[in-house]
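All remarks here apply to the structure that follows.
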Amino acid sequence: RMENGGGRGALIVLEGLDRSGKTSQCARLLSFLQGKGCLAEAWRFPDRETSVGKMISAYLANESQLDDRTIHLLFSANRWEKRNLMESKLLGGTTLVVDRYSYSGLAFSAAKGLEIEWCKAPEVGLLAPDLVIYLDVQPEKAAERGGYGGERYERVEFQKRVAEHYHSLRDSTWKVVDGSLPMETVQEQLRELAMNCISECQGKQLTNLTW
Ligand code: FDM
């Protein structure tokens, strides 16, 4: 069993374009960590289970129309409504592996043309990740992977703009992993990054996003 000495859990975020492999990598990483005896949970944003999440889900499925700023704030609200639970899990020693977070919020809304500074404002005060793993795949390659499911943002031109914004958001917590490598190789890299992060975050306080 991997002991964390009663310390806090790590906030580990996976980011990347649609079809970059985040969701399967998150699931594999979670079973790996749990197999090591580590307390860990998989989370994702948007969390489509809440009432805000249901509005987001309808919007993404093109079943409802919302103004760009309105949907941006709903995505943000969906993170805020989970902030307290997130904090108590982390302080209780559970590591969270999160499929998308604030960076998706910024990259996708900015790709529609909203000002980045405006987009950042409602994210200030959410918990800051200890590690952000960006699964890097070319938008064209991502699109070839079984195609897109037809949700609102799943078009190559749009994903290219999202990629540009993601690149400009990179900060010191980011690690870029080449998502075009074989699944197993990507997983190996994620495991190592996650294990290091979990042991290193022990001595560090949880902080908030400041942007
Ligand atoms: N998305 C996701 C946003 O536009 N803003 C956000 O804050 C978040 C978390 O929602 F296209 C977009 C990204 C993606 C879509 O995500 C749904 P999943 O991972 O396919 O559920």
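Only this structure's heavy atoms are used, side chains among them; waters, hydrogens and symmetry mates stay out. Residues: numbered from 1 along the sequence shown. Just so you know, ligand 1 is whichever comes first in the structure, and atom 1 is the first atom listed for that ligand.
Using a 4.0 Å cut-off between charged nitrogen and carboxylate oxygen, Asp18 and Arg152 do not count as a salt-bridge pair.
Cation-pi contact between Arg155 and Tyr148: absent, since separation from the ring centre below 6.0 Å together with deviation from the ring axis within 45° is not met.
Under a 4.5 Å side-chain heavy-atom criterion applied to ILVMFWY residues, the cluster that includes Met183 comprises that residue alone.
Among residues two or more places apart in sequence or in another chain, the salt bridge (Lys or Arg N to Asp or Glu O under 4.0 Å) test is passed with Glu123 by Arg79.
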For residues 175-182, tabulate all N or O donor-acceptor pairs below 3.5 Å that involve a side-chain atom, not counting sequence neighbours.
unit_1 : atom_1 : unit_2 : atom_2 : d
Asp178 : OD1    : Ser180 : N      : 2.9
Asp178 : OD1    : Ser180 : OG     : 2.6

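Taking the six-membered ring where the residue is Trp, the centroids of Tyr103 and Trp211 are separated by under 6.0 Å.
Near ligand 1, heavy-atom contacts under 4.0 Å come from Asp18, Arg44, Phe45, Pro46, Arg48, Leu60, Phe75, Arg79, Arg100, Ser104, Gly105, Phe108, Tyr153.
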